[in-house]
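Encoded as structure tokens, the structure appears first; notes follow it.
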Amino acid sequence: MYDPILLTSFLAVARAKGFTAAGRQLGLQQSTVSQHIRKLEAETGRRLFQRDTHSVALTVDGDAMVDFARGILEANERAQRYFTGTELRGRLRFGASEDFVLSRLPEVLREFRRRHPSVDLELTVGLSGQLYEKLDAGELDLLIAKRRPGDPRGELVWRERLVWAGADPWRPDPDRPLPLILFAPPSITRSAAIGALERAGRSWRIACTSGSLSGLRAAALAGLGIMAQSKNLAVDGLSELPASAGLPELGETEFVVVGASQRLHGPAAALGAALVANGDRFRER
């Protein structure tokens, strides 16, 4: 049987792509994490990581071990919860902004469902602004979305730049109003785009409005205009416009987990913690 402590360190290294970063996540010394990996490789008789002075990558056997390790740890957790009477139950109404559906969110939710099979998860996908309205109206228990300007609520998952994106090649005409492809209000990226242009004194017009990311993508691919998007949640087929385009900086946006109450309990607390812990995975395409 493989030691859960070794498997936990293994998954942390696989996720962080480094021993030092994994140690920080686990609260362990880098040398301790390295020792765990060496012991696990000795027990399996296989090399799990290909490593040099610059990078750490999974081998074919390491990639196979990821699924085994997750399954073993999840089964162990379920058994502990069952026999201690702490298994989570109930309904969780969870909202996610549409950007996340194209990220690693489905994987994180699948792992959550495996760990907590007695939780009925109801997923609502929409614009960040709409999800906040549902949360404030008592229609959601938890959401992950961009932080609204001036709203102090939520636990930070990660922070990143907003960028201008369009079909390649696309160059704005400085003598004409900038054609914008925007989400319908309320939208945080819509407000950021219009606000940046207004502050820069750049004229603009709305070329397309849509309530879905697929609608915005179709309009951008057709060359109708450009859109604002999170740099690491880039829409397939679109390219970030270079600085030479002369467009104003959009600034940063924060992705946060927000609960209906200030202190989360039960399924909401468990999923919220899982989302924060997996922040690095959301930036992977």
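A single hydrophobic cluster is seen to contain both Leu264 and Val108, as judged by linkage of ILVMFWY side chains at heavy-atom distances under 4.5 Å, directly or through other members. The cluster map of Ile, Leu, Val, Met, Phe, Trp and Tyr, joined by side-chain heavy atoms under 4.5 Å apart, puts Leu140 and Leu121 in different clusters. The cluster map of Ile, Leu, Val, Met, Phe, Trp and Tyr, joined by side-chain heavy atoms under 4.5 Å apart, puts Leu241 and Val163 in different clusters. When hydrophobic clusters are built by joining Ile, Leu, Val, Met, Phe, Trp and Tyr residues whose side-chain heavy atoms come closer than 4.5 Å, directly or via intermediates, Leu247 is grouped together with Leu162. Under the 4.5 Å side-chain heavy-atom criterion for grouping Ile, Leu, Val, Met, Phe, Trp and Tyr, Leu73 is not connected to Leu109 through any hydrophobic cluster.
Counting heavy atoms from C-beta on, the side chains of Phe94 and Thr124 never come closer than 4.5 Å. No side-chain heavy atom of Asp120 sits under 4.5 Å from any side-chain heavy atom of Leu92. Annotation: side chain of Glu155 is not in contact with side chain of Leu275 (no heavy-atom distance under 4.5 Å). Counting heavy atoms from C-beta on, the side chains of Ile206 and Arg190 come closer than 4.5 Å. Side chains of Leu131 and Val258 form no contact here, defined as non-hydrogen atoms less than 4.5 Å apart. Leu213 has its side chain within reach of Met227: a pair of non-hydrogen atoms, C-beta onward, lies under 4.5 Å apart. Leu127 is not listed as a side-chain neighbour of Ser97, based on a closest heavy-atom distance of 4.5 Å or more. A heavy-atom distance below 4.5 Å is found between the side chains of Val257 and Val276.
When all heavy atoms of Leu182 and Leu216 are compared, the closest pair comes out as O-CD2, 3.3 Å. A pairwise comparison of heavy atoms in Glu43 and Leu6 identifies OE2-CD1, 3.9 Å as the closest pair. Among all heavy-atom pairs drawn from Leu238 and Ala220, the shortest one is CD2-CB, 3.6 Å. Across Ala184 and Ser187, no two heavy atoms sit closer than the pair O-CB, 3.6 Å. For Gly154 against Arg147, the heavy-atom pair with the smallest separation is O-NH1, 3.9 Å. The two residues Glu133 and Pro186 make their nearest non-hydrogen contact at OE2-CG, 3.6 Å.
Asp141 contributes atom CG, which lies 10.5 Å from atom CG of Leu143 (distance to the nearest 0.5 angstrom). In this structure, the separation between CD on Glu98 and CD on Gln130 is 9.5 Å, given to the nearest 0.5 Å. We find the CG-CG distance between Leu48 and Leu58 to be 8.0 Å, quoted to the nearest 0.5 Å. Taking CD from Gln25 and CG from Leu11, the interatomic distance works out to 11.0 Å, rounded to the nearest 0.5 Å. Atom CZ of Arg38 is separated from atom OG of Ser31 by 8.5 Å, given to the nearest 0.5 angstrom. From Asp3, atom CG reaches atom CG of Leu40 across 9.0 Å, with rounding to the nearest 0.5 Å.
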**Request:** Given salt bridge (Lys or Arg N to Asp or Glu O under 4.0 Å), test Glu139 with Arg93 step by step and report yes or no.
**Result:** CA-CA 7 Å; Glu139 298 173 12; Arg93 301 169 301 171; over 6 Å; no

**Request:** Report the C-alpha distance between Ser230 and Phe255 in whole Å, list the side-chain angles of each, state the deciding distance to 0.1 Å, and finish with yes or no for side-chain contact (heavy atoms from CB on, under 4.5 Å).
**Result:** CA-CA 10 Å; Ser230 306; Phe255 292 90; 3.2 Å; yes

**Request:** Carefully, step by step, assess Ser55 and Lys17 under the rule side-chain contact (heavy atoms from CB on, under 4.5 Å).
**Result:** CA-CA 7 Å; Ser55 63; Lys17 295 182 174 59; over 6 Å; no

**Test log, rule side-chain contact (heavy atoms from CB on, under 4.5 Å), inputs Asp61 and Thr44** = CA-CA 10 Å; Asp61 290 321; Thr44 60; over 6 Å; no

**Ile181/Thr209 under side-chain contact (heavy atoms from CB on, under 4.5 Å): CA gap, chis, key distance, verdict** = CA-CA 6 Å; Ile181 298 170; Thr209 299; over 6 Å; no

**Request:** Show your working on ring pair (Phe, Tyr, Trp, His ring centres under 6.0 Å) between Phe68 and Tyr2 and close with a plain yes or no.
**Result:** CA-CA 10 Å; Phe68 291 134; Tyr2 296 118; 8.8 Å; no

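Panel note: side chain Arg202, backbone Ala196; no donor-acceptor pair is recorded below 3.5 Å. The main-chain N or O of Arg47 is found under 3.5 Å from a side-chain atom of Thr59 such that the two form a donor-acceptor pair. Within the 3.5 Å criterion, the main-chain N or O of Leu28 finds no donor-acceptor partner in the side chain of Thr32. Here the side chain of Asn278 pairs a donor or acceptor atom with the backbone of Ala274 at under 3.5 angstrom. Ser210 places no side-chain N or O within 3.5 Å of a backbone atom of Phe183 that could act as its donor or acceptor partner. Listed for the Arg51 side chain is a donor-acceptor partner under 3.5 Å among the backbone atoms of Phe49.
Ion pairing of Glu122 with Arg91 is present here, as a side-chain N (NZ or NE/NH1/NH2) and a carboxylate O approach within less than 4.0 Å. Using a cut-off of 4.0 Å between Lys/Arg side-chain N and Asp/Glu carboxylate O, Arg161 and Glu240 are scored as salt-bridged. Salt-bridge annotation for Glu41 and Arg46: absent, with no side-chain N of the basic residue lying under 4.0 Å from a carboxylate O of the acidic one. Using a cutoff of 4.0 Å between basic side-chain nitrogens and carboxylate oxygens, Asp136 and Arg153 are scored as salt-bridged. Taking the charged nitrogens against the carboxylate oxygens, Glu254 and Lys146 have no contact shorter than 4.0 Å, which rules out a salt bridge.
Defined by atom type and a distance below 3.5 Å, a donor-acceptor pair is present between the side-chain atoms of Ser34 and Gln30. For the residue pair Trp164 and Gln229, no side-chain donor N or O sits within less than 3.5 Å of a side-chain acceptor on the partner.
Within a 6.0 Å sphere centred on CD of Glu252, other residues, nucleotides and ligands contribute more than 12 heavy atoms. Atom CD of Glu249 has 12 or fewer heavy atoms from other residues, nucleotides or ligands within 6.0 Å. Enclosure of atom CG in Leu123 by more than 12 non-hydrogen atoms of other residues, nucleotides or ligands within 6.0 angstrom is indicated.
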